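Beneath this line is the structure, given in C-alpha cells, with notes to follow.
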Amino acid sequence: MRVSSQDVTVVALLADPDAPTEIAQRMARMLPDRLAEKSGRGRRFDVEVVSEPFTAAAEDPLTLMHRIMDRGSAGNWDIVVALTDLPLHSHGHKLVVDLSHEHGLALLSLPTLGGFRLQARAQRAVEEAVLSLAAPQATGAGGPPGSQPLRGPFIGRLAPVRPGQIGEEEIADLRYVVSGPRGYLRVLLGMVRANRPWRLVPGLSKALAAALATGAVATVNSTIWNLATSLSTPRLVIATVGSVALMIGWLIVDADLWHRTDEVSPEARKKAALYNASTVVTLGIGVTVCYVGLVFINLVWALFILNDRLFASTTRTPLHATEYWTLSWFVASVATVGGALGSGLESDEAIRAAAYSKREQERRSVLQDDHGA
C-alpha cells in the first residue's frame, strides 16, 4: 500500500454497477469522517466511488484480485476496496472478504453479509477493511506483513465468519469465509436481496396484465361464485400454494432459469444448489407479492361490481364480508394461473432482468454462451 502525503489516505470504492454502486455511493458520504474518527492518528481520508463491472466473466477471487490490483495501479489511490453482489467461493467456502495488505486491496462479497441491514453491515465491513489496510505494517510471528485479524466488531457483526485458507499463489494475505448451515442461509438471503425480488412485479408487465384480466373476468363468473362458496379454508390454501408453485415453475422452465453444471465435484453441485435455491426464493417472494396484490385488487373489484341479490340467487348464500373475501382469495389463485400463461408472452431477457441482479444476469449469459459453444 502506498502512503499519501500530508496524512491523507485516498480510498477508492470500486463497485460493480447497480446495487453495489448504490451502496458505495451512500456510504461514501459519511465514510471519511467515520474512518478519521476510528483511526485516531490524525489522518484524513478521501473516498472516491468508481463504478465498473470488474467481475465481468470471472468469479475466481484470484482473478478478481489481479483485476483490482491492475485497476488500483492505474489510479491515484492508496487503498482499493472492491464491492460485488456476486457470491464468491474459495476452497469450498463462501468468501466474505479478501485483503492484501502489501498492495492495499480488499474484495468484499456483499451476499455474505446477509439479506437484512445490508447498508449498515457493508459500511461496517468496509470500515474495518480500510482500517486494517491503513494500519502500520509490521512483520511478526503471526503471519505476513499487516495480516493481523480484523477487529472484533467485524467478526461479531458478520458471524458465522472465520479465517479462510489462502493458496501460495494468491495475492491476498488475509481471508474470511462463512461456512455451515448459518453461513449458507446468510449467503442465500444475501443473494435473494441482491436479486431484489420486489422488481418482479413491474418487470413482468404482460403476466400481470393477463392475471388482472383473468381476475376481472373470473370475479363476475357464476361458476367461480359457486366454487368459491363451496371451498373450505384448507382447499383455498391448497389452491394458493398450487397456483404460486405453478407460476414459479412456469417462469423457471419458460425462461430457462435453472442453473445446471457439467462439473461433478461436490463443490460445483453445492454452488448450483445455492444458485437454484436463490432463484426459487426470489421468484417465490415476487410471485407472493403479486398474489397478495391480486387478492386486494379483486376484492375492490368485487365490492364495486357484484350484485348481492344475483349472487344470493345463484349460490344460495348471502353476500357478506366472508363471501367477498373468499371469492377474492379464490379468484387470485385463478388469476395467478392466468398470469403464468401470460408470462409466456414475456421474453427470456425480460424475465431474467426482473428476477436477477445485473451481475447475475451477465454471469448466466456467459454460462449460456459457453454451453452454446
Side-chain angles (χ1 to χ4, degrees), residues 1-39 41-86 88 95-110 113 119 122-137 144-147 150 154 166 169-176 357-359 362-363:
M1 183 188 75
R2 303 187 304 275
V3 179
S4 296
S5 60
Q6 299 179 352
D7 291 330
V8 178
T9 300
V10 182
V11 179
L13 299 181
L14 179 62
D16 266 334
D18 206 18
T21 296
E22 294 173 8
I23 290 173
Q25 289 173 340
R26 284 194 292 266
M27 73 170 65
R29 301 186 188 106
M30 60 185 71
L31 198 57
D33 292 337
R34 291 181 62 88
L35 289 172
E37 179 183 352
K38 289 189 173 184
S39 177
R41 300 195 308 272
R43 176 169 290 277
R44 294 191 297 111
F45 291 84
D46 288 339
V47 178
E48 301 177 11
V49 177
V50 180
S51 180
E52 291 182 5
F54 70 93
T55 60
E59 297 180 63
D60 176 44
L62 177 59
T63 301
L64 296 180
M65 287 294 281
H66 275 291
R67 289 184 180 181
I68 298 167
M69 183 171 64
D70 293 341
R71 186 64 182 88
S73 299
N76 189 26
W77 307 311
D78 303 302
I79 294 173
V80 180
V81 179
L83 309 177
T84 180
D85 55 3
L86 277 183
L88 303 177
L95 176 70
V96 179
V97 62
D98 262 357
L99 295 102
S100 172
H101 292 79
E102 179 183 356
H103 301 95
L105 309 176
L107 170 62
L108 178 64
S109 177
L110 295 175
L113 305 183
Q119 183 68 44
Q123 179 162 321
R124 185 61 175 271
V126 170
E127 289 175 6
E128 298 301 338
V130 171
L131 292 174
S132 176
L133 294 172
Q137 298 186 16
S147 61
L150 299 185
F154 181 89
I166 301 176
E169 75 286 356
E170 298 195 63
I171 299 175
D173 52 40
L174 185 61
R175 167 174 294 159
Y176 284 93
S357 66
K358 188 175 181 64
R359 293 288 90 203
E362 294 176 356
R363 188 190 72 82

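Predicted model, so just to flag it, every value in this text is computed and none were measured.
Between Pro17 and Pro20, the closest heavy-atom pair is O-CD, 3.4 Å. When every heavy atom of Pro32 is checked against every heavy atom of Val47, the shortest pair comes out as CG-CG2, 3.7 Å. When every heavy atom of Val80 is checked against every heavy atom of Gly72, the shortest pair comes out as CG2-CA, 3.9 Å. Closest non-hydrogen pair, Leu174 versus Ile166, comes out as N-CD1, 3.4 Å. Minimum interatomic distance between Asp173 and Glu102 (heavy atoms only, all atoms of both residues): OD2-N, 3.7 Å. Looking at every heavy atom in both residues, Thr63 comes nearest to Ala58 through CG2-CB, 4.1 Å.
Taking CD of Glu22 as the reference point, atom CG of Leu83 lies at 12.5 Å (rounded to 0.5 Å). Expressed to the nearest 0.5 Å, how far CE of Met69 lies from CD1 of Ile171 amounts to 4.0 Å. From Asp46, atom CG reaches atom CG of Leu35 across 10.5 Å, with rounding to the nearest 0.5 Å. Between the CG atom in Leu110 and the CD atom in Gln119 there is a gap of 9.5 Å [rounded to 0.5 Å]. Here Ile23 contributes atom CD1 and Asp85 contributes atom CG; the two are 8.0 Å apart, rounded to the nearest 0.5 Å. Put simply, CG on Leu13 and CG on Leu108 are 10.5 Å apart, with the number rounded to the nearest 0.5 Å.
Residues Glu127 and Gln123 bring a donor and an acceptor atom of their side chains to less than 3.5 Å of each other.
When each of Leu95, Leu99, Thr55 is paired with Leu107, the side-chain contact (heavy atoms from CB on, under 4.5 Å) condition holds for Leu95 and for no other.
For the pair Met27 and Val126, the minimum side-chain heavy-atom distance is below 4.5 Å. You'll find the side chain of Asn76 stays beyond 4.5 Å of the side chain of Val10, heavy atoms only. Proximity of Ser39 to Leu131: side-chain heavy atoms (C-beta onward) are separated by under 4.5 Å at one or more points. When side chains are defined from C-beta on, Thr84 counts as touching Phe54, because their heavy atoms get closer than 4.5 Å. Inter-residue side-chain proximity for Val97 and Glu128 is flagged as unmet; no heavy-atom pair is nearer than 4.5 Å.
Thr21 places a side-chain N or O within 3.5 Å of a backbone atom of Asp16 that can act as its donor or acceptor partner.
Taking the side-chain contact (heavy atoms from CB on, under 4.5 Å) definition, one finds that Asp33 meets it with nothing, sequence neighbours left out. For Arg67, there are no salt bridge (charged side-chain N to carboxylate O under 4.0 Å, His left out) partners at least two apart in sequence or on another chain.
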Problem set entry | From CA spacing to verdict: side-chain contact (heavy atoms from CB on, under 4.5 Å), Glu169, Leu62 | CA-CA 8 Å; Glu169 75 286 356; Leu62 177 59; 3.9 Å; yes
